[in-house]
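In what follows, a single structure is set out as structure tokens and then discussed.
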Amino acid sequence: MILAVRDLSKTYKSTSTKALDKVSINIGNSEILGLLGPNGAGKSTLINIIAGLLSADEGELYWEGDILKNHNLLKRKLGLVPQDIALYPKLTAFENLDFLGTQYQIPMPLRHQRISEALKALDLYKERNQLINHFSGGMKRRINLIAGLLHQPELLIMDEPTVGIDVHSKQAIQEFLLKLNGEGMSMLYTSHMMEEAEKICHQVAIIDHGVILQSDSPKNLIINTSGAKNLEDVFVKLTGKGLRN
Ligand code: ADP
């Protein structure tokens, strides 16, 4: 187990919204855990707490079996790919990544080597010297992903890494994630895309109203839900058909 979350609760004081209610999840070593839930379910709150951007009211995190007392110790072990693109529009793709690499104090020439390899793997090497604001949404999302993992984190946390992009970018990202996972990187990611989760996740946790409803492999979730042919059927059955805003 690389990370265990135990009984995490969080209420936003400003609105008295209980965003998480005694949430527990486990991420195994070299495992991809998909966190699935409708809008407002608590996904971002949970990953922000795990990433150390937000504090919980109650509950604990365990890193490789030890209770985590100081989140700073995880800084270099975690990578975060936020949903919002966090890149400088007036720098080139390479310059953006190079800048981030220096923030993580990755020395040369290792820094340039990692950037070049990732750009090649995500089919962006030819465009490396173009300004980011000339990139398409899918290209920016691929660069955003590289930005979160240049320091080779042990656990990569991603907030909807394939949202709103074309099929080619989506496939390139999925293949890249599977390659890194095959090399041992553990991953936690949120998604609305059931088909994708079914394809790449070892485990899926379905969350709604701040509560984990079920957590298992996609295959087991489907087998154990009567009438379900796929993960989408499981999801709808657990979360209901009502629309969320
Ligand atoms: P998701 O990522 O699944 O869409 P969130 O974690 O963003 O869900 O939100 C969970 C709940 O907490 C929602 O009801 C949302 O309105 C509320 N919430 C999220 N962020 C804040 C905040 N900064 N202040 C107050 N309420 C918030």
Side-chain angles (χ1 to χ4, degrees), residues 3-27 31-61 68 71 74 78-86 137 140-141 144-145 147-148 153 155-165 170 173-174 177 186-216 218 221 225 231-245:
L3 182 85
V5 170
R6 285 289 164 269
D7 294 327
L8 223 58
S9 294
K10 172 77 184 177
T11 297
Y12 288 102
K13 302 280 175 305
S14 57
T15 54
S16 303
T17 307
K18 187 147 203 173
L20 298 177
D21 189 4
K22 294 197 176 301
V23 163
S24 297
I25 54 168
N26 296 324
I27 307 172
E31 187 174 270
I32 305 180
L33 175 77
L35 187 63
L36 308 181
N39 288 335
K43 301 181 297 296
S44 301
T45 304
L46 179 55
I47 62 173
N48 283 337
I49 292 172
I50 294 173
L53 299 175
L54 202 63
S55 59
D57 301 330
E58 282 171 61
E60 279 88 35
L61 301 181
L68 188 70
H71 205 285
L74 288 192
L78 298 182
L80 178 65
V81 181
Q83 202 181 121
D84 297 329
I85 306 274
K140 281 187 202 158
R141 220 155 254 295
N144 206 42
L145 173 62
L155 174 65
L156 182 64
I157 303 166
M158 298 166 277
D159 198 356
E160 303 206 25
T162 55
V163 75
I165 57 174
K170 196 162 79 183
I173 287 180
Q174 289 172 356
L177 293 179
S186 308
M187 299 178 183
L188 166 64
Y189 97 119
T190 69
S191 181
H192 280 109
M193 277 167 267
M194 303 295 141
E195 224 173 289
E196 175 176 292
E198 205 172 319
K199 195 159 102 188
I200 73 168
C201 295
H202 302 105
Q203 299 284 329
V204 159
I206 297 180
I207 184 171
D208 199 9
H209 302 299
V211 176
I212 301 284
L213 300 175
Q214 289 225 7
S215 168
D216 209 333
L221 285 172
T225 307
L231 203 51
E232 189 166 312
D233 293 341
V234 176
F235 185 80
V236 171
K237 185 130 195 187
L238 288 174
T239 60
K241 290 200 167 104
L243 295 178
R244 311 294 172 85
N245 295 314

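Each ligand, and each atom within it, is numbered from 1 in the order the structure gives. Because the structure is predicted, anything quoted here is derived from the model rather than measured.
Side-chain contact check for His71 versus Leu74: some heavy-atom pair is nearer than 4.5 Å. Side-chain contact check for Val5 versus Ile49: every heavy-atom pair is 4.5 Å or farther apart. The side-chain heavy atoms of Thr239 and Leu36, taken from C-beta on, include no pair separated by under 4.5 Å. For the pair Asp233/Thr225, no side-chain contact is recorded, criterion being any heavy-atom separation below 4.5 Å from C-beta on.
Remark: ligand 1 and Thr45 share an N or O pair separated by less than 3.5 Å (distance only, no angle test). Of the polar atoms of Ala19, none of the N or O atoms is found under 3.5 Å from an N or O of ligand 1, judged by distance alone.
By the 4.0 Å N-to-carboxylate-O rule, Asp57 lies too far from Lys18 to be salt-bridged with it.
With respect to atom 25 (C) of ligand 1, the closest heavy atom belonging to the protein is Thr15 OG1, 3.2 Å. The nearest heavy-atom contact from the protein to atom 7 (O) of ligand 1 is Ser44 CB, 3.8 Å. Shortest contact from atom 10 (C) of ligand 1 to any protein heavy atom: Gly40 O, 3.4 Å. Annotation: atom 8 (O) of ligand 1 to nearest protein heavy atom, Gly42 N, 3.1 Å. In terms of protein heavy atoms, atom 19 (C) of ligand 1 is closest to Tyr12 CE1, 3.4 Å.
Applying the 4.0 Å criterion to heavy atoms of Pro38 picks out, from ligand 1, the atoms 3 (O). Within ligand 1, the atoms closer than 4.0 Å to a non-hydrogen atom of Ala41 are 1 (P), 3 (O), 8 (O), numbered from 1 in the order shown. Close contacts between ligand 1 and Asn39 involve ligand atoms 4 (O) [criterion: under 4.0 Å to a heavy atom]. In summary, the atoms of ligand 1 found under 4.0 Å from a heavy atom of Lys43, numbered by their order in the structure, are 1 (P), 2 (O), 3 (O), 4 (O), 6 (O), 8 (O).
Within a 4.0 Å radius of atom 15 (C) of ligand 1, the protein contributes no heavy atom.
Atom CG of Leu33 and atom SG of Cys201 lie 7.0 Å apart (nearest 0.5 Å). Atom-to-atom distance recorded for Ile173:CD1 and Thr162:OG1 is 6.5 Å, nearest 0.5 angstrom. From Arg6, atom CZ reaches atom CD1 of Ile25 across 9.5 Å, with rounding to the nearest 0.5 Å.
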